[in-house]
Amino acid sequence: MAYPFQLGLQDATSPIMEELLHFHDHTLMIVFLISSLVLYIISLMLTTKLTHTSTMDAQEVETVWTILPAIILILIALPSLRILYMMDEINNPSLTVKTMGHQWYWSYEYTDYEDLNFDSYMVPTQELKPGELRLLEVDNRVVLPMEMTIRMLISSEDVLHSWAVPSLGLKTDAIPGRLNQTTLMAMRPGLYYGQCSEICGSNHSFMPIVLELVPLSHFEKWSASML
Amino acid sequence: SASVRVTSGAQGPPRSRGAPRAPSLSSGRSQPGRRGRSRRSRRVAATGERRMLATRVFSLIGKRAISTSVCVRAHGGVVKSEDYALPGYVDRRDYPLPDVAHVRNLSAGQKALKEKEKASWSSLSMDEKVELYRMKFNESFAEMNRSTNEWKTVVGAAMFFVGFTALILIWEKYYVYGPLPHTFEEDWVAKQTKRMLDMKVSPIQGFSAKWDYDKNEWKK
């Protein structure tokens with residue numbers, strides 16, 4: 001989840017998110033370099049007494065400032081495409097979980113072996129237990145086994161929603177009439193929070209997602225208890 | 001009878017420019033049978049004649065039109081030159097020698113000085129040199145490039161508006177906003193922080209990475 005005075009992205013819980021973090025560092029560095037160069041040039045322009053009013057021929061600098069941005073863009077595109085294709089690799093998930101977006105809660109279906117369905121509503125602020133997180137806690141968390149590849153199938157029963165968990169690098173739109181798929185793989189146990197990421201009405205900010213990643217044995221006990 | 005012949009080229013017959021002529025009452029061409037002329041010059045001639053009638057009627061405007069459109073008249077009244085299109089004087093750091101002198105209409109003394117300028121300059125006194133400079137230029141480089149105190153006004157106004165906005169926000173906090181949610185109380189935040197550390201939020205570089213789990217305190 002997000003923490004106070006956070007400046008960057010949340011720490012990665014999945015390998016893809018790790019890649020995205022490093023890509024973000026790389027691209028942001030390029031952005032900072034370009035911005036500081038531009039700011040420096042602007043400051044030079046504003047603080048010179050020199051003038052030059054005749055039109056000039058500038059073939060050399062024009063060539064440089066065409067080729068160099070092209071190279072920079074390639075340096076951004078190549079890692080980006082690498083991660084994009086990495087996300088689409090064939091990975092043989094061990095478990096499939098379906099989630100449907102509603103106004104204004106998520107419902108989850110674990111139907112690989114038995115028929116396990118439940119709704120996940122946000123806990124209202126007045127009903128929080130001491131120390132719980134406002135606008136983030138839910139009554140029924142999505143319990144999943146850690147260190148296993150899980151297929152998430154995401155759709156909606158009414159309007160557009162989006163199922164997002166930032167620390168796993170996940171954000172997939174929930175579109176009525178359409179089944180979207182994403183792959184989930186958490187390397188650490190723990191609670192991972194996300195919020196609906198597509199405007200869906202008055203309580204769009206109040207339908208969070210909480211994943212509880214546990215060892216497989218815990219998951220098996222939990223799913224048995226929920227049936 | 002005055003033959004009104006307005007030609008469109010520069011080869012007009014020698015006549016005083018700008019002097020209004022007896023206008024012809026016919027709106028179109030006044031010389032029937034001028035088949036030799038092109039249609040365009042006939043149209044131009046018609047416009048010129050209408051213009052002369054107009055300057056007669058609106059004499060004040062007509063006079064102004066005459067004074068600023070002398071070069072226009074030469075071309076048969078096709079385009080009027082506005083003031084900004086004529087050569088003008090500018091005080092510009094990057095245009096050191098303006099197109100015209102600052103003082104156009106010299107007094108008798110200034111005219112005499114210009115004559116004296118044609119001789120050797122070493123015979124000019126300092127005051128005369130300065131006088132000649134001021135005739136040609138309005139501000140000196142030092143004067144035109146002088147800095148102003150405008151920035152103080154700008155910064156002061158900006159700070160004033162920031163302060164005014166702060167007043168609005170104070171009023172808003174007191175009269176509009178409700179109380180903060182109870183989850184912002186110190187006690188709750190402490191329990192919340194402990195819970196976040198227990199669930200190891202961002203343990204690699206972010207939040208829990210700064211907590212020393214052995215000594216149970218924040219890392220120094």
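Chain A is the first sequence line, chain B the second, and so forth, proteins listed ahead of strands; every chain is numbered from 1.
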Worksheet entry | Pair Ile72(A)-Leu33(A), side chain to side chain contact (heavy atoms under 4.5 Å, CB included): steps then yes or no | CA-CA 11 Å; Ile72(A) 290 173; Leu33(A) 283 173; over 6 Å; no
Practice prompt. Compare all side-chain heavy atoms of Met148(A) with those of Pro93(A) and state whether any distance is below 4.5 angstrom.
Written response: no
Practice prompt. Quick one: which residue pairs count as a ring-ring contact (aromatic ring centres under 6.0 Å, His included) with a foot in residues 102-149 of chain B, not counting sequence neighbours?
Written response: Tyr89(B)-His102(B), Tyr133(B)-Phe137(B)
Heavy-atom donor-acceptor pairs under 3.5 Å, chain B with chain A:
unit_1: Arg93(B); atom_1: NH1; unit_2: Lys49(A); atom_2: O; d: 2.4
unit_1: Arg93(B); atom_1: NH2; unit_2: Lys49(A); atom_2: O; d: 3.2
unit_1: His182(B); atom_1: NE2; unit_2: Thr125(A); atom_2: O; d: 3.1
unit_1: Trp188(B); atom_1: NE1; unit_2: Glu132(A); atom_2: O; d: 3.0
unit_1: Arg195(B); atom_1: NH1; unit_2: Glu137(A); atom_2: OE2; d: 2.6
unit_1: Arg195(B); atom_1: NH2; unit_2: Glu137(A); atom_2: OE2; d: 3.3
unit_1: Arg195(B); atom_1: NH2; unit_2: Tyr193(A); atom_2: OH; d: 3.4
unit_1: Ser202(B); atom_1: OG; unit_2: Asp11(A); atom_2: N; d: 3.3
unit_1: Ile204(B); atom_1: N; unit_2: Asp11(A); atom_2: OD2; d: 2.8
unit_1: Gln205(B); atom_1: N; unit_2: Asp11(A); atom_2: OD2; d: 2.6
unit_1: Gly206(B); atom_1: N; unit_2: Asp11(A); atom_2: OD2; d: 3.1

Fill in: Interface moiety of Leu128(A) toward chain B, non-hydrogen atoms closer than 4.5 Å
both
Worksheet item: Can you name the side chain to side chain contact (heavy atoms under 4.5 Å, CB included) partners of Lys215(B), sequence neighbours left out?
Response: Asp212(B), Glu217(B)
Practice prompt. Indicate yes or no: at least one non-hydrogen side-chain atom of Val97(A) is less than 4.5 angstrom from one of Leu184(A).
Written response: no
Anything under 3.5 Å between a donor and an acceptor, one on a side chain of residues 168-179 of chain B, the other on a protein residue two or more places apart or in another chain? List them.
unit_1: Glu172(B); atom_1: OE2; unit_2: Tyr177(B); atom_2: OH; d: 3.3

Fill in: Among the listed options Gly190(A), Pro130(A), Pro189(A), the residue most often paired with chain B at heavy-atom distances under 4.5 Å
Pro130(A)
Practice prompt. Would you check, one step at a time, whether the test side chain to side chain contact (heavy atoms under 4.5 Å, CB included) holds for Leu132(B) with Met135(B)?
Written response: CA-CA 5 Å; Leu132(B) 281 166; Met135(B) 278 157 56; 4.2 Å; yes
